[in-house]
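Presented below is the structure to which this report refers.
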Amino acid sequence: MKKESTLNFYDRVYCITRLIPRGRVSSYGAIACYLSIGSASRMVGYALTCSHNVLPFVPAHRVVNRSGLLTGKIHFGTPTLMQQLLENEGIIVEDDQVKYFSILHWDPSVELESDYFSNLG
DNA sequence: GAGGTGACTGCGA
DNA sequence: CTCGCAGCCACCT
């Protein structure tokens with residue numbers, strides 16, 4: 001096998017991030033866990049740092065930290081772009097924090113598997 | 001090859 | 001609750 005792990009890493013993050021349903025949000029830890037690197041949640045955010053340079057579009061604004069805080073908004077064009085994008089999807093953001101984050105949280109390692117079975121059924 | 005950085009997270013004081 | 005520290009791994013200089 002080759003060292004495609006590192007290369008796939010970015011692709012994985014982008015792919016999963018694009019899987020986040022509209023009006024939902026995810027966390028770095030959840031994505032990291034799905035990538036079997038739950039210990040390196042930093043890498044998820046790091047990958048997203050270049051997400052704006054990747055196509056198709058990556059809804060990085062749907063990814064927030066474990067507390068639902070928009071820690072990555074600083075990497076957007078404007079400090080309020082991330083919040084506006086979320087609000088545009090019906091997500092309520094207050095004080096740079098996602099409201100009802102608990103119920104809006106989308107975990108790929110859970111929602112995906114569960115969704116598959118649900119759709120099949 | 002080595003050192004520093006970072007859109008994070010968990011635990012302790 | 002707030003503050004600080006350690007671990008994690010890929011990218012940049």
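Model, not experiment: these values are computed from the prediction. Sequence lines set the chain letters: A, B, ... in the order given, protein chains first and strands last, and positions in each chain run from 1.
One side chain, A/His61 or A/Glu89, offers a donor N or O that lies under 3.5 Å from an acceptor on the other.
Cluster annotation: A/Leu19 is connected to A/Val63 through the hydrophobic network of ILVMFWY side chains, with a link wherever side-chain heavy atoms come within less than 4.5 Å. Hydrophobic clustering, with ILVMFWY side chains joined whenever heavy atoms are under 4.5 angstrom apart, groups A/Tyr14 together with A/Met43.
Checking B/dG10, B/dA7, C/dC11 against every side-chain atom of A/Ile74, the shortest atom distance belongs to B/dA7. The side chain of A/Met43 lies closest to B/dG6, out of B/dG6, B/dG10, B/dA7.
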Report all interatomic pairs (protein N or O, nucleotide N or O of nucleotides 2-5 of chain B) with separations under 3.5 Å.
none

With the criterion being N/O to N/O and under 3.5 Å, what pairs connect the protein with nucleotides 1-7 of chain C, and how long is each?
residue: C/dG7; atom: O6; partner: A/Arg42; partner atom: NH2; Å: 3.0

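Across the protein-nucleic acid pair, A/Tyr28 atom OH and C/dC9 atom P stand 19 Å apart, rounded to whole Å. When the P atom of C/dC9 is taken as reference, atom CD1 of A/Ile31 falls 18 Å away, rounded to whole Å. Straight-line distance from the OH atom of A/Tyr14 to the P atom of C/dA10: 14 Å, rounded to whole Å. When rounded to the nearest whole Å, the span between CZ of A/Phe9 and P of B/dG6 equals 17 Å. The nearest whole Å value for the distance from the CD1 atom in A/Ile37 to the C1' atom in B/dG6 is 14 Å. Look at CG on A/Leu35: it is 14 Å from P on B/dT9, rounded to the nearest Å. Atom P of nucleotide B/dA7 and atom CG of A/Leu70 are separated by 14 Å, given to the nearest angstrom. Rounded to a whole Å, the OH atom of A/Tyr10 is 11 Å from the C1' atom of B/dA7.
At a threshold of 4.0 angstrom between heavy atoms, the contacts of A/Thr71 are confined to the sugar-phosphate backbone, with no base atom among them. Within 4.0 Å (heavy atoms only), A/Ala32 reaches no atom of the nucleic acid at all.
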- Message: Using side-chain contact (heavy atoms from CB on, under 4.5 Å), reason through A/His105 and A/Arg66 one step at a time and then give a plain yes or no.
- Response: CA-CA 10 Å; A/His105 185 219; A/Arg66 195 65 170 168; 4.1 Å; yes
- Message: Under the criterion side-chain contact (heavy atoms from CB on, under 4.5 Å), I'd like the reasoning laid out for A/Ile20 against A/Val25: C-alpha separation, chi angles, the key distance, then a yes or no.
- Response: CA-CA 7 Å; A/Ile20 301 174; A/Val25 293; 5.9 Å; no
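Crowding of A/Phe57 atom CZ: a count of heavy atoms from other residues, nucleotides or ligands under 6.0 Å exceeding 12.
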Side-chain donor/acceptor pairs under 3.5 Å, residues 46-56 of chain A, sequence neighbours excluded:
residue: A/Thr49; atom: OG1; partner: A/Gly45; partner atom: O; Å: 3.0
residue: A/Thr49; atom: OG1; partner: A/Tyr46; partner atom: O; Å: 2.9
residue: A/Ser51; atom: OG; partner: A/Leu48; partner atom: O; Å: 2.6
residue: A/His52; atom: NE2; partner: A/Thr49; partner atom: O; Å: 3.3

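From A/Ile74, atom CD1 reaches atom CG of A/Leu81 across 13.5 Å, with rounding to the nearest 0.5 Å. Distance SG/A/Cys33 to CG/A/Asp107: 7.0 Å, rounded to 0.5 Å.
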